[in-house]
Protein chains: 2
Amino acid sequence: MANFVLKGNICYSENLNKIRIIPQAYLVCIEGESAGVFRAVPECYAALPVEDFGESIIIPGITDLHVHAPQFAFRGLGMDMELLDWLESHTFPEESKYADLGYAKRAYKQFVNHMRRSATTRAAVFATIHAPATMLLMDRLEESGLVSYVGKVNMDRNSPDILCEKSAQASLADTEQWINDTKTRYKNTRPIITPRFIPSCSDELMHGLAALAEKYQVPVQSHLSENLGEIQWVKALCPKAKFYGQAYENFGMFGGKSPCIMAHCVYSGDEEVELMKKNGVFVAHSPMSNSNLSSGVAPVTKYLEAGLNVGLASDVAGGCTENMFRVMADAIRASKLRWRLQDQAVKPLTIDQIFYIATLGGGRFFGKVGSFEPGYALDAVVLDDRSLDHPQRLDVRARLERCIYLADDRQISAKYVAGNRLF
Amino acid sequence: MANFVLKGNICYSENLNKIRIIPQAYLVCIEGESAGVFRAVPECYAALPVEDFGESIIIPGITDLHVHAPQFAFRGLGMDMELLDWLESHTFPEESKYADLGYAKRAYKQFVNHMRRSATTRAAVFATIHAPATMLLMDRLEESGLVSYVGKVNMDRNSPDILCEKSAQASLADTEQWINDTKTRYKNTRPIITPRFIPSCSDELMHGLAALAEKYQVPVQSHLSENLGEIQWVKALCPKAKFYGQAYENFGMFGGKSPCIMAHCVYSGDEEVELMKKNGVFVAHSPMSNSNLSSGVAPVTKYLEAGLNVGLASDVAGGCTENMFRVMADAIRASKLRWRLQDQAVKPLTIDQIFYIATLGGGRFFGKVGSFEPGYALDAVVLDDRSLDHPQRLDVRARLERCIYLADDRQISAKYVAGNRLF
């Protein structure tokens with residue numbers, strides 16, 4: 001692995017409330033990690049090659065903490081309904097197609113191409129119940145240079161015949177085989193245990209998945225407290241649990257021993273928040289999806305103040321795009337509407353906060369990721385924003401702010417993951 | 001003017017709740033107007049040249065019913081505040097720069113280039129208080145081929161020294177001169193009387209502007225019921241008016257004799273709605289701006305049910321982009337959050353409704369605009385959506401839906417305004 005220096009206008013989160021901006025600075029990469037940001041190249045690195053990106057802005061790569069690869073095919077379609085109807089009418093029929101490896105190959109190629117060109121460097125990905133198509137997706141993601149966790153989905157109840165595993169035992173056997181097949185197969189791609197959500201998984205399946213997570217030391221991802229109808233359903237299915245998160249906890253699938261991502265958390269109450277904090281559960285905040293499916297708006301700043309781990313998520317295809325800049329702008333707007341329409345006790349997100357969540361907040365699930373402080377993985381996105389033209393002078397901070405509202409892959413001129421240049 | 005035929009997948013609003021889709025059809029243009037859409041070219045048009053756009057989608061041009069040209073320079077900046085603070089800190093300082101024609105030339109060139117490449121074919125535009133820069137903007141818009149109303153803004157009170165006209169008389173004299181200079185100067189560009197909003201305009205100025213509107217038969221545009229602080233301020237300034245709209249009405253500036261656009265209408269009560277209906281006032285719905293500035297969400301479907309004229313607006317730079325597709329998707333999302341968080345009596349917008357608002361709803365301000373029915377101006381946008389790739393077959397309706405969520409200028413391969421091809 002090459003050592004090198006990147007030069008440009010460097011931005012990363014100093015803390016939750018402050019983006020650090022270092023104009024015309026040098027970011028040193030040693031063996032895939034940042035050795036720090038400097039105003040001049042230190043003597044000890046003077047021999048390294050310097051890639052000068054001029055006036056471009058260099059930010060840490062973004063983590064998409066929750067995205068459904070098979071749903072990319074129908075992004076932007078069928079959004080005039082709520083979660084449970086949308087799953088039945090759009091999601092399940094589309095996901096059932098991934099039994100066909102030829103279809104999966106065409107579809108996942110498109111998904112991975114878009115992800116590769118995006119600002120996302122790391123992702124936690126849902127596949128489908130089909131192990132072969134899931135491995136195909138993992139192969140493509142590995143080739144892309146992105147770092148990802150990918151989950152073969154588990155569903156053994158309340159699912160249509162076309163997308164329902166035969167039994168808890170069959171689902172568990174498939175999953176264990178798939179973990180064995182993929183656990184050490186890749187450099188950048190890892191399996192993650194992925195029960196769709198409690199309504200789709202029998203108690204036996206949930207207990208079995210918890211055992212697999214522990215046996216193989218694999219993390220877990222699922223959905224939590226997204227939609228009011230869903231929450232009522234879980235209450236009926238798990239009468240012993242006081243709240244939705246406790247149902248996962250009772251199965252042994254809510255953080256603690258196994259790292260865990262829960263998507264949405266729109267309606268998590270105080271007890272659920274407390275348990276997430278205690279267990280180190282990551283919230284995958286999915287604002288665009290939560291608006292598209294009329295779910296609501298998660299009180300993100302409240303979660304941040306409570307000290308939860310919060311990352312940002314596209315949640316394609318509840319969200320309609322893999323472009324995390326657009327998701328960031330949407331997160332801010334949704335938080336403002338929540339403040340205005342629902343609860344002025346929960347402050348709207350600021351630019352600094354959403355930048356933190358999108359980089360460090362979700363990056364942390366992958367270890368030292370999402371910052372340019374020494375020791376962090378050198379994930380970097382280079383933004384050439386000249387096409388976002390303006391007549392006045394703008395400082396780097398203002399230009400970054402504009403990128404958050406307006407950038408897409410046209411502004412991404414280079415991308416590095418753990419020191420490897422993808423393009 | 002050439003007569004011709006366009007071939008492609010043609011979509012336009014049959015009514016508020018239905019998009020008409022005619023795959024592989026022929027749209028006939030005679031002297032700048034649609035002669036209708038046909039499944040085969042009628043005998044009488046058989047000699048006309050046919051431009052075959054293959055599988056592309058052809059939709060009516062979109063009307064942006066409220067956009068601030070001088071604010072384009074700071075789109076996506078400084079959104080972490082509400083309206084009145086944002087005006088003081090960002091808008092007024094930026095608009096004051098347009099006293100400098102050199103600056104205006106650079107800035108307006110960028111604005112017009114972006115508008116020309118967008119899906120917008122018609123626009124109602126705010127300039128600044130400066131007549132020379134406003135005329136320069138009108139020159140550039142005329143050259144672009146777009147059709148627009150452009151307003152020199154009036155402000156004679158409660159405004160910073162750098163952006164305040166010296167007196168009502170001076171403002172009126174400038175405005176009358178500017179109307180005389182521009183009323184018949186252009187083919188596609190017309191002046192529109194533009195008091196910024198009541199807090200910025202003295203009673204004397206408002207009465208004088210109403211007289212000018214009547215004398216020269218010029219329409220009017222302004223802002224209405226956008227923000228709670230603003231509404232309180234107007235109440236204090238106009239104690240005789242029962243509601244904000246009545247204050248405009250008392251000055252003779254609220255539709256009726258002079259066509260009128262009011263931007264925002266987030267908080268219009270029943271009496272205001274009734275008066276807008278009686279007077280034919282157009283609502284310029286600005287969802288992205290209303291979220292960015294934490295204003296709230298206008299109850300659009302309620303206005304539609306009440307029979308109001310409703311168009312869609314980017315409201316740059318309250319809104320951060322001129323891309324009306326993104327504004328359409330934002331409108332739907334905001335209406336869903338309003339439904340979820342505030343009031344389930346007001347239904348969310350559907351795809352069909354937002355398409356109607358963006359084309360026919362706002363187009364109507366310009367006459368027979370926004371449809372392909374015979375007699376409508378031939379404003380058309382050709383969408384080549386192949387870059388929005390997908391593995392499955394999608395019908396034209398689904399592809400259009402995806403364009404609303406995802407398209408930008410990359411998908412616009414041709415654009416016509418009143419039968420003239422812009423690119």
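Residue numbering restarts at 1 for every chain, and letters A, B, ... go by the order of the sequence lines.
- When all heavy atoms of Gly76(B) and Tyr405(A) are compared, the closest pair comes out as O-CD1, 3.4 Å.
- For Ser387(A), the part lying under 4.5 angstrom from a heavy atom of chain B is the backbone only.
- Here the closest heavy-atom approach between residue Asp330(B) and residue Arg333(A) is recorded as OD2-NE, 3.2 Å.
- Under the side chain to side chain contact (heavy atoms under 4.5 Å, CB included) rule, Lys336(A) has a single partner from Ser294(B), Ser295(B), Ser291(B), which is Ser294(B).
- Among Gln392(B), His390(B), Arg106(B), the residue making the largest number of heavy-atom pairs under 4.5 Å with chain A is Gln392(B).
- Only the side chain of Leu228(A) comes within contact range of chain B, with heavy atoms under 4.5 Å apart.
- Of all the listed residues (Leu349(A), Ile351(A), Thr321(A)), the one sharing the greatest number of non-hydrogen pairs under 4.5 Å with chain B is Ile351(A).
- Heavy-atom pairs under 4.5 Å with chain B peak, among Asp343(A), Thr350(A), Asn323(A), at Thr350(A).
- Interface check for chain B: of the options Lys97(A), Arg399(A), His114(A), Arg338(A), the most heavy-atom pairs under 4.5 Å are formed by His114(A).
- Remark: Arg340(B) engages Glu82(A) in a salt bridge, criterion side-chain N to carboxylate O under 4.0 Å.
- Interface summary for chain A: among Cys320(B), Ala107(B), Ala334(B), the most heavy-atom pairs under 4.5 angstrom belong to Cys320(B).
- Between Glu401(A) and Met79(B), the closest heavy-atom pair is OE2-N, 4.1 Å.
- Annotation for Asn290(B) and Leu337(A): closest pair O-CD2, 4.4 Å, computed over non-hydrogen atoms.
- A salt bridge is defined here as a Lys NZ or Arg NE, NH1 or NH2 lying under 4.0 Å from an Asp or Glu carboxylate O, and Asp408(B) with Arg410(A) meets this definition.
- Only the side chain of Leu394(B) comes within contact range of chain A, judged by heavy atoms closer than 4.5 Å.
- In this structure, Arg326(A) and Ala329(B) approach most closely via the heavy-atom pair NH2-CB, 4.0 Å.
- The pair Lys109(B)-Asp389(A) fails the salt-bridge criterion, with no side-chain N (NZ, NE, NH1 or NH2) lying under 4.0 Å from an Asp/Glu carboxylate O.
- Looking at Phe74(B), the atoms closer than 4.5 Å to chain A (heavy atoms on both sides) sit in the backbone and in the side chain alike.
- Gln342(A) and Leu341(B) make their closest contact through OE1-CD2, 3.1 Å (heavy atoms, listed as atom of the first residue, atom of the second, distance).
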